Amino acid sequence: MTVCPVDTDRLSHPGAADYFTRNPHRMAAVRAMLDLLSIPFPVWAQRDISGRAAANRNMLAAFRSDNPETLHQATVRKHGEHTTRLAKPSDPLACAPIDTSFLDT
């Protein structure tokens, strides 16, 4: 296998950028070729997040800026303590011993 140097400066030429960006199939092909050859993408070939992922990311960022605390932090703050009690000690039924006589048979 022969190693040949590649002049990546030609990829930055406006004519090459125009040629590849006008057609999505050419863009996909040049991205695949650059990726397979481990050549860094020029600026015009880099992907920008788009579609549903971008909308979700932007929506989540806006929500986090308006609501900085997490759901867990809000729940702990509203309830006042992290652990919850099953019954109050003042409740006589809660403190009654459990009948385990049926286990002795």
Side-chain angles (χ1 to χ4, degrees):
M1 181 167 148
T2 306
V3 177
C4 299
V6 177
D7 183 16
T8 57
D9 292 336
R10 291 186 173 200
L11 292 173
S12 299
H13 189 275
D18 184 51
Y19 176 78
F20 288 116
T21 56
R22 280 185 294 152
N23 186 319
H25 297 288
R26 287 185 198 147
M27 180 65 90
V30 78
R31 281 186 184 135
M33 176 192 64
L34 293 173
D35 191 36
L36 288 171
L37 295 174
S38 299
I39 297 173
F41 290 176
V43 174
W44 56 264
Q46 293 176 353
R47 289 182 184 259
D48 185 26
I49 187 167
S50 62
R52 181 173 286 183
N56 287 346
R57 181 200 61 197
N58 295 338
M59 181 265 314
L60 189 59
F63 179 80
R64 288 282 178 234
S65 68
D66 293 340
N67 305 297
E69 67 181 359
T70 64
L71 179 61
H72 175 73
Q73 291 169 337
T75 305
V76 169
R77 180 179 49 78
K78 288 177 185 173
H79 292 291
E81 60 183 26
H82 183 39
T83 58
T84 59
R85 292 182 160 176
L86 297 177
K88 295 179 182 177
S90 61
D91 186 4
L93 295 177
C95 298
I98 299 172
D99 181 21
T100 58
S101 61
F102 63 93
L103 296 174
D104 295 334
T105 57

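These figures come from a predicted structure and were not determined experimentally.
Between the CZ atom of R26 and the CZ atom of R31 there is a distance of 14.5 Å, given to the nearest 0.5 Å.
One N or O on the side chain of W44 and one on the backbone of L11 form a donor-acceptor pair closer than 3.5 Å.
The cluster map of Ile, Leu, Val, Met, Phe, Trp and Tyr, joined by side-chain heavy atoms under 4.5 Å apart, puts V43 and L37 in different clusters.
Closest non-hydrogen pair, D35 versus F41, comes out as N-CE2, 3.8 Å. Taking both residues in full, the closest heavy atoms of A45 and M27 are given as CA-SD, 4.2 Å, listed atom of the first, atom of the second, then distance.
With P42 as reference, L34 is the one residue of D9, T8, L34 to meet the side-chain contact (heavy atoms from CB on, under 4.5 Å) rule.
Atom CZ of R22 has more than 12 heavy atoms from other residues, nucleotides or ligands within 6.0 Å.
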